[in-house]
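Notes follow the structure.
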Amino acid sequence: AQSVTQPDIHITVSEGASLELRCNYSYGATPYLFWYVQSPGQGLQLLLKYFSGDTLVQGIKGFEAEFKRSQSSFNLRKPSVHWSDAAEYFCAAWSGGSNYKLTFGKGTLLTVNP
Amino acid sequence: GAGVSQSPSNKVTEKGKDVELRCDPISGHTALYWYRQSLGQGLEFLIYFQGNSAPDKSGLPSDRFSAERTGGSVSTLTIQRTQQEDSAVYLCASSSQANTEAFFGQGTRLTVV
């Protein structure tokens, strides 16, 4: 079955430190991949997406993600975390074609210490 | 409208009552999704509509849950005989044919007491 896995439920980093959130997918073919962020009390906002081409994708708020086919991964990174980045992050995938169903991981909660 | 609109933003209902949650997608978007987000559970897929195709109802947790989409636009999620375990945030999203990015509404927080 198609699935998206975020191995880390909760991550704590210090402000200014680097960040990497992990995402693995299990699909028959490479899906389209997304990262969303949900700040407390807010809806989900798209950070970035990967469809094809360059495997390093730049997004908003200084985030980037790297697609690695050999590892079935799409990890989210940020060189220097800001306190405002504290939120929950969701990885999602879509198989493509006429099926628009998005499958989400269970999310990673990011806490940023001052 | 400019974004996905959901109403009400909050709903408190008594156990056993029926509730209707509404979603107004972005104009022209053919795909519409409903997800449920319970505390610490991530996003649980409920149902999605794609154009005039039959909806994918595979995520509906029980026959108390149903949804419809009238005229390919507004969608209503109905929960009959609500139970306390139905308490959650219900999120709606839409996406276009050409752009697969899903835009989410702010959600409806449902509390069953």
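Within every chain, numbering begins at 1; the chains are lettered A, B, ... in the order of the sequence lines, protein sequences first and strands thereafter.
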Quiz item: Does a sphere of radius 6.0 Å around CD in B:Glu14 hold more than 12 heavy atoms from other residues, nucleotides or ligands, not counting ones at 6.0 Å or beyond?
Solution: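 Open.
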Practice problem: Assess whether atom CG of A:Leu56 is packed by more than 12 heavy atoms of other residues, nucleotides or ligands within 6.0 Å. | Solution: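 Counting neighbours around CG of A:Leu56, more than 12 heavy atoms of other residues, nucleotides or ligands fall under 6.0 Å, so yes.
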Can you tell me how far the [atom1] atom of [X] sits from the [atom2] atom of [Y], to the nearest 0.5 Å?
| X | Y | atom1 | atom2 | result |
| --- | --- | --- | --- | --- |
| B:Glu101 | A:Tyr36 | CD | OH | 5.5 Å |
| A:Leu44 | B:Tyr35 | CG | OH | 10.0 Å |
| B:Phe103 | A:Leu46 | CZ | CG | 7.5 Å |

Does [X] belong to the same Ile/Leu/Val/Met/Phe/Trp/Tyr cluster as [Y], with side-chain heavy atoms less than 4.5 Å apart forming each link?
| X | Y | value |
| --- | --- | --- |
| A:Leu33 | B:Leu43 | no |
| A:Ile60 | A:Leu21 | yes |
| B:Val4 | B:Leu46 | no |
| B:Phe104 | B:Phe49 | no |
| B:Ile47 | B:Leu21 | yes |

Practice problem: Output the residues of residues 57-67 of chain B for which the shortest heavy-atom distance to chain A is under 4.5 Å, in residue-number order; output 'none' if no such residue exists. | Solution: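 Contacts with chain A: B:Ser58.
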Exercise. Identify which part of A:Gln45 has an atom lying under 4.5 Å from any heavy atom of chain B, answering side chain, backbone, both or neither.
Key: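 For A:Gln45, neither part sits under 4.5 Å from chain B.
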Quiz item: Among all residues two or more places apart in sequence or in another chain, which pass the side chain to side chain contact (heavy atoms under 4.5 Å, CB included) test with A:Cys23?
Solution: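 A:Cys23 satisfies side chain to side chain contact (heavy atoms under 4.5 Å, CB included) with A:Val4, A:Trp35, A:Cys91 only.
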Self-check item: Closest approach of A:Phe90 to B:Gln37 (non-hydrogen atoms, all atoms of both residues)
Solution: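 Taking A:Phe90 first and B:Gln37 second, the nearest heavy atoms are CZ-NE2, 3.5 Å.
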Practice problem: Tell me, for B:Leu91 versus chain A, whether the close heavy atoms (under 4.5 Å) come from the side chain, the backbone, both or neither. | Solution: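 Interface part for B:Leu91: side chain.
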